[in-house]
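These notes concern the structure reproduced below.
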Amino acid sequence: MGSYDHREIEKKWADRWFEEKTYQAKDFSDKPKKYILAEFPYPSGNALHAGHMMRYTVPDVYARYLRMKGYNVLFPMGWDAFGLPAENFAVKSGIHPAITTKKAIESYRVSMRKMGYGIDWEREIDTTDPNYYKWTQWLFLKFFQQGLAEYREMPIWWCEQLKTVLSDEEVLTDKDGNKISERGEYPVERKLLKQWVLKITKYADKLLEGLDQIEFPEAIKSAQRSWIGRSYGANVSFSVNGTKLEVFTTRPDTIFGVTYMAISPESPILETLLRSAVNTEEVTEYIEESKRKSDLEKLKSKDKTGVQLEGVFAKHPFTGENIPLFVADYVLMDYGTGVVMGVPAHDERDFDFAKKLGIKIIPVIETPKDFEGKLYTGSGKMINSAEYNGLDSQDFSEKVIKRLEKEGIGKRETQYKLRDWIFSRQRYWGEPIPLIHTHDGEILSICDIDDPKDVDAKLPLRLPDVPDYTPSSDGASPLERNKEWVNTTDNEGNPARRETNTMPNWAGSCWYFIRFVDPKNSESFADVEKMKYWLPVDKYFGGAEHTTMHLLYSRFWYKFLFDQGLVPNQEPYMWRMNGGLLLGPDGTKMSKSKGNVVEPMDIVENYGADALRACICFLGPYTDTYPWNINGIKSTWRLMKNIHDFHQKVKSANAEISSENVLRALNKLIFNVSSMIESLKMNTAVSEVMIFMNSVKDSGEISQDSWMKFLKVLAPLAPFLAEELWHNISGQETSIHLQPWPEVEARYLESEQIIIPVQINGKVRAEVTFNRALSDDEVKAMILEDQTVKKHIGTSELKKFIYVPGKIANIVL
RNA sequence: GGGCGAGUGGCGGAAUGGCAUACGCUGCAGACUUAAAAUCUGCUGACCGCAAGGUCAUGAGGGUUCAAGUCCCUCCUCGCCCACCA
């Protein structure tokens, strides 16, 4: 062994681990299982990018540690390979997305091996592989069979640039309040289109309640909760000329404060109401104008607009009073019923509106003193509410609901912000939806999913080749143009058309973690016994951007499958951590145009994967975002080189037994690194290794036995170097990564001599050294005898003497 | 506007209520070298002091405690998520 040559070492072991299947996870074992999962990547470009090494390094260190701790560890990897970049590239270059995807996957696989990730490559999956999407299609058909997939016309987001519809979750709001696409940040607009939806709203309650059973960071839980947005209240019918005008309210208790009704300009109800109004023209004009307004203009909340439907009134359900009707664009069509009962006394928006349009304001809840002269939206004692005056508003709320239900003019109601999931896309590179439209307008599954023979014969429905991937502006999928594929027949031989929309790129990732359990199964999406053994995922690492998308979608699929008796638990992931980002050296997001992109494979080439892994871990906690600093990798490279160089010394001039100091350092290392990896604090684990090396270098020697224990501790962090040195010194054939984690010898964690600081009035003034064997009283006496302590006490009287055994003493004067 | 989280040296960060600033980077001084790089040694929160030592510092202010970066209250700033959701 000469000088530290990471290239040679890493090449050798990357290949051997792969050939020897070192990281294979065994189905069923006496060992306890751990399923460690990091979100699989979308393969694009030449190699793994900087974000991936942040994402995967910490989970890999953790998985390696658990393996050595005696767990049967599943740490799989696959490719989420359907999606727009490959397709857009195909449009430009004419190269089939399958080809570019395959190339990207190959280079990703190579770079993951170079990074030393301990992946079970036998379980690799690819969402674009027909053997995989066969089961994505089968699962979709399960939703369809159970009535949870529906072809429905509704207002949805259309992105002209991407030429496809998008789900609610895929639409973001930019700084100026404009709606944009999550991918590409292009403008999106509302369109009324007929699309496939998965009824995720049916699972809103289960998705909410499940959050209480799993360990997700509070930020994720609250983001999912607010995305689902459940609110309790009531639907109330107001009668208008004999027809019903229904509203949803969370505050039935304010019903006597209703002084107007406001209707969304988009509401279909307006058509009828307009006929009764005397100012049709004025109202129509307002409706037209509001259509032209952007969301941003409408959002200026203090500037509410609206116009009265003159000559039409609603009847108050309790008082029978006439209530004026308004069309107002602050009322949203896609929440509640698109109609609001206006209670200006106790709702901020209604208050702004009423002020602007001079509508009367009737307070119905007594205003507490602190709120005098201000808008009060809280609860309290009822006033101006007929026979209910004096009641507590919350009790009254219940009474109102009961009365509404009794009189048949309303009912208890729960509303959600969550919308059903738009599940069809007008793009090529996705899973074909395995349905046909018959000539008489029926929609049928292409196979009987409960008949294995039929499933085998009809699925997968392969994505056909098309000469042209270009999407069209009219909302037709590129598949539409392939008439040969589109035109088919139903079971009776009648002509039928295939569904030409494809699934969104989220489809494959909704269940990939299930497939890892049994990736080659051709009879079902996964074997029940294997699912029972491996699922749920114990630790799930991923990106914050998936909080209300992938993470919500896959929980939904899993809960549905549980209800169908197809998976063994109610939640797919028991624990979740979101990872941060790696920024360019200038502290801004890496981008090719800014020229601040760091290529992981360049760093692996120059400094080695071990140094890079340690550097990534050493940056700080997994959840945070850091700028890349080249000095970081230099310092961890030095650490690797120091370890490598010291190894020569251990081999040639070894000590029979390590010194007391070294043994203490070693056991402290084992103890600390164990707990740090367990709590995923890889940054301090790396510093423990540095501290150990510093102290070993000071001692100058260490026994081979101690050194081998050290190499085991090093193994999860720097798997290549640890493996190389292990084989060099141990004479063993078995990989270090399959060795048991070293045990702590507790006696080396405590030394004979204890040094404790002594505080006087809360300030450290002295240190006292004593033998562990001394009793507390003896120690106290020693402290009071100490010269420095005596000096500080002087002639003062002791008020208090606190001694925390082995920790600290505090003398209060 | 609402929800969640965070504020510690020049920088990344460490600290079960018990010696704040571990570990690393940067910087400075020195050794080696013709020189540089690399490497090694020492110093590196601020202030006072020749030193011993002392004073002040964890966003600001208050509180609880023998003891607070850590717990409680008020405020400020930043980040993320949601946002006219009735």
Side-chain angles (χ1 to χ4, degrees), chain A residues 172-173 177 217-231 233 247-251 254 261-262 264 295 298-304 328-332 334-343 346-350 352-353 377 415-419 544-545 547-548 578 580 587 614-615 618-621 623-636 638-639 641-642 645 672 675-676 681 683-694 697 755-767 799-804 806-813:
Chain A
L172 309 174
T173 312
E218 200 45 47
I220 297 181
K221 287 190 182 183
S222 72
Q224 290 204 350
R225 283 192 192 109
S226 76
W227 186 258
I228 294 167
R230 178 167 66 186
S231 24
V247 302
F248 170 73
T249 177
T250 54
R251 297 293 301 271
T254 61
M261 313 272 296
S264 165
D295 288 344
K298 289 181 194 166
L299 227 148
K300 299 216 157 113
S301 58
K302 294 284 165 197
D303 219 22
K304 295 208 171 2
D329 63 12
Y330 82 91
V331 183
L332 304 174
D334 53 5
Y335 184 79
T337 62
V339 185
V340 165
M341 60 179 220
V343 186
H346 304 291
D347 181 279
E348 204 174 331
R349 295 146 304 175
D350 296 350
D352 292 341
F353 186 75
T377 57
Q415 274 288 337
Y416 304 89
K417 287 196 239 174
L418 185 70
R419 303 283 75 142
E545 69 277 17
T547 299
T548 53
N578 283 350
C615 175
F618 191 53
L619 279 175
T623 44
D624 292 348
T625 290
Y626 308 93
W628 174 252
N629 180 352
I630 192 69
N631 291 318
I633 185 86
K634 285 183 182 165
S635 82
T636 50
R638 252 192 312 266
L639 176 67
K641 184 177 153 40
N642 284 338
D645 293 351
N672 286 346
S675 75
M676 284 162 183
K681 292 177 179 171
N683 54 331
T684 52
V686 174
S687 45
E688 288 300 320
V689 172
M690 290 171 169
I691 291 167
F692 175 76
M693 276 310 292
N694 288 345
K697 279 202 292 177
I755 305 168
I756 64 153
V758 179
Q759 296 183 330
I760 290 159
N761 286 336
K763 285 201 168 130
V764 179
R765 297 295 184 188
E767 264 182 0
K799 285 208 185 105
K800 222 170 193 177
F801 188 177
I802 290 126
Y803 173 56
V804 185
K807 283 260 160 126
I808 201 166
N810 193 5
I811 295 167
V812 185
L813 301 177

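All values below were derived from every heavy atom in this structure, side-chain atoms included, with hydrogens, water molecules and symmetry-related copies excluded.
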Check this one for me: any side-chain N or O of [X] less than 4.0 Å away from OP1 or OP2 of [N]?
| X | N | result |
| --- | --- | --- |
| A/R638 | B/rC25 | yes |
| A/R765 | B/rG54 | yes |
| A/K807 | B/rG18 | no |
| A/K763 | B/rG18 | no |
| A/N810 | B/rU65 | no |
| A/T684 | B/rG13 | no |
| A/Y626 | B/rG12 | no |
| A/K681 | B/rA15 | yes |

Complementary nucleotide of [N], counting Watson-Crick and G-U pairs under 3.5 Å:
| N | value |
| --- | --- |
| B/rU74 | B/rA60 |
| B/rU65 | none |
| B/rU34 | none |
| B/rA46 | B/rU55 |
| B/rA29 | B/rU41 |

Notebook entry, point to check: Which residue, A/Q759 or A/L332, contacts RNA chain B at a nucleotide closer to its 5' end, judged by nearest heavy atom?
Noted result: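 Residue closer to the 5' terminus by nearest nucleotide: A/Q759.
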Would you classify [X] as touching base, sugar-phosphate or nothing, given that sugar-phosphate means primed atoms plus P, OP1 and OP2, and contacts are heavy atoms under 4.0 Å?
| X | answer |
| --- | --- |
| A/K800 | sugar-phosphate |
| A/E767 | base |
| A/Q415 | nothing |
| A/V804 | base |
| A/T636 | nothing |
| A/P621 | sugar-phosphate |
| A/N683 | sugar-phosphate |
| A/I691 | sugar-phosphate |
| A/L619 | sugar-phosphate |
| A/D350 | nothing |
| A/V343 | nothing |
| A/K641 | nothing |
| A/V340 | base |

Next item on the list: For A/E688 and A/N672, work out which heavy atoms get closest and say how close.
Entry: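 Shortest heavy-atom contact: OE1-ND2, 3.2 Å.
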Check: Which heavy atom of A/Y330 sits nearest a heavy atom of A/D350, and at what distance?
Finding: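 That closest heavy-atom pairing would be OH-OD1, 2.8 Å.
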Choosing from [options], which nucleotide comes nearest the side chain of [X]?
| X | options | result |
| --- | --- | --- |
| A/N694 | B/rG3, B/rC40, B/rG24 | B/rG24 |
| A/T548 | B/rC23, B/rC82, B/rC66 | B/rC82 |
| A/T250 | B/rC66, B/rA86, B/rC82 | B/rA86 |

Check: If the P atom of B/rG10 is compared with that of B/rG45, how far apart are they to the nearest Å?
Finding: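 One P to the other, the span is 10 Å.
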Notebook entry, point to check: What interatomic distance, in whole Å, is found between C1' of B/rC78 and the corresponding atom of B/rU16?
Noted result: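 To the nearest whole Å, 29 Å.
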Next item on the list: Tell whether A/N631 reaches the base of B/rC25 with its side chain through a donor-acceptor pair below 3.5 angstrom.
Entry: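 It does not, because no donor-acceptor pair links the side chain of A/N631 to the base of B/rC25 below 3.5 Å.
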Next item on the list: Would you mind reading off the distance between A/F618 atom CZ and B/rA14 atom P, rounded to a whole angstrom?
Entry: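 Result: 10 Å.
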Note to self: Contact between A/T547 and A/W227 at the side-chain level, heavy atoms closer than 4.5 Å - yes or no?
What the structure shows: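 A/T547 vs A/W227: side chains apart.
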Check: For B/rG7, is chi within 90° of 0 (syn) or not (anti)?
Finding: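 B/rG7: anti glycosidic orientation.
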